[in-house]
Amino acid sequence: ESQDRVTIINTATGKIEGHFKGVGSPKGITQTGPGATGLSPMLFVTNFGQGTVTGIPLNAVQPGIAICDAVNALNDDISSRVFVNVGRNPNGIAADFFGNAIVMVANQGDNEVTVFDPQSLSQVSGGLTETFQVGESPSEVVWTQPTQIGLFAWIVNQGGVNDPDGGDSPLAALPGG
């Protein structure tokens, strides 16, 4: 049996409370806030070998319900998950936690990032996803707080043949900032 899964750990006790199965070669993970998806928080996991991101709605995780029961309910309901096609070898992923509905994925195999709206699963300017070229072998992304001129993201590039030093790529002034 494959061990491709997300493990849920209770940080108060250090105990493993459960696992989300049904993800493929998971590399990155992020969670949206309740405002971003319009209903409930959603967990997004990159599937490195499949070129996709799996979205797992966390609506079953609520006060008063044992986490194990909530995880079991979510594991049993694969039909409630969403799958977003992104680029080759998606690695790092970040959801903006500053009130904007936007998720960015670092596609290591394409030297680009994909940006999508976690509520509609559409690109920030109107298709399924939008991609931006960045440095070689991007591996991680992070959002900054919105500024007067827009929302900024930083992308860590591991480097490669054309850019052995890697470095970072600031991606600036995205819509929603």
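Under 3.5 Å, the side chains of Thr114 and Asn107 contain a donor-acceptor pair of N or O atoms. Side chains of Glu136 and Asn111: no donor on one and acceptor on the other come within 3.5 Å.
Closest approach of Pro41 and Gln31 over heavy atoms only: CB-NE2, 3.5 Å. Shown here for Met104 and Val141, the closest heavy-atom pair between the two residues is O-CG2, 3.5 Å. In terms of heavy atoms, Gly49 sits closest to Ser25 at N-CB, 3.9 Å. The two atoms that bring Pro26 and Asp4 nearest to each other are CD-CB, 3.9 Å, heavy atoms only.
When the side-chain hydrogen bond (donor to acceptor under 3.5 Å, both in side chains) test is applied to Asn89, no partner is found at least two apart in sequence or on another chain. Remark: Thr52 pairs with Asn47 by the side-chain hydrogen bond (donor to acceptor under 3.5 Å, both in side chains) rule, at least two apart or across chains. Evaluation of the side-chain hydrogen bond (donor to acceptor under 3.5 Å, both in side chains) rule for Thr11 yields no partner, not counting sequence neighbours. For Ile29, the side chain to side chain contact (heavy atoms under 4.5 Å, CB included) partners at least two apart in sequence or on another chain are Val6, Leu43, Val45.
In the hydrophobic cluster analysis, where Ile, Leu, Val, Met, Phe, Trp and Tyr join through side-chain heavy atoms closer than 4.5 angstrom, Phe83 is grouped apart from Phe48.
No side-chain heavy atom of Ile102 sits under 4.5 Å from any side-chain heavy atom of Asp117. Between Gln108 and Gln158, some side-chain heavy-atom pair lies under the 4.5 Å cut-off. No side-chain heavy atom of Met42 sits less than 4.5 Å from a side-chain heavy atom of Pro118.
A donor-acceptor pair is defined here as one N or O able to donate and one able to accept, closer than 3.5 Å; no such pair exists between the side chain of Trp154 and the backbone of Trp143.
Counting only residues at least two apart or in different chains, salt bridge (Lys or Arg N to Asp or Glu O under 4.0 Å) contacts with residues 103-112 comprise Arg88-Asp110. Residue pairs meeting the salt bridge (Lys or Arg N to Asp or Glu O under 4.0 Å) criterion with at least one partner in residues 140-153, sequence neighbours excluded, are absent.
Aromatic ring centres of Phe44 and Phe116: separated by under 6.0 Å.
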Q.
Determine whether Ser137 and Asn157 satisfy the following criterion, side-chain contact (heavy atoms from CB on, under 4.5 Å), listing intermediate values before the conclusion.
A. CA-CA 5 Å; Ser137 198; Asn157 302 298; 6.0 Å; no

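With Thr46 as reference, Val53 is the one residue of Thr54, Val53, Val86, Thr30 to meet the side chain to side chain contact (heavy atoms under 4.5 Å, CB included) rule.
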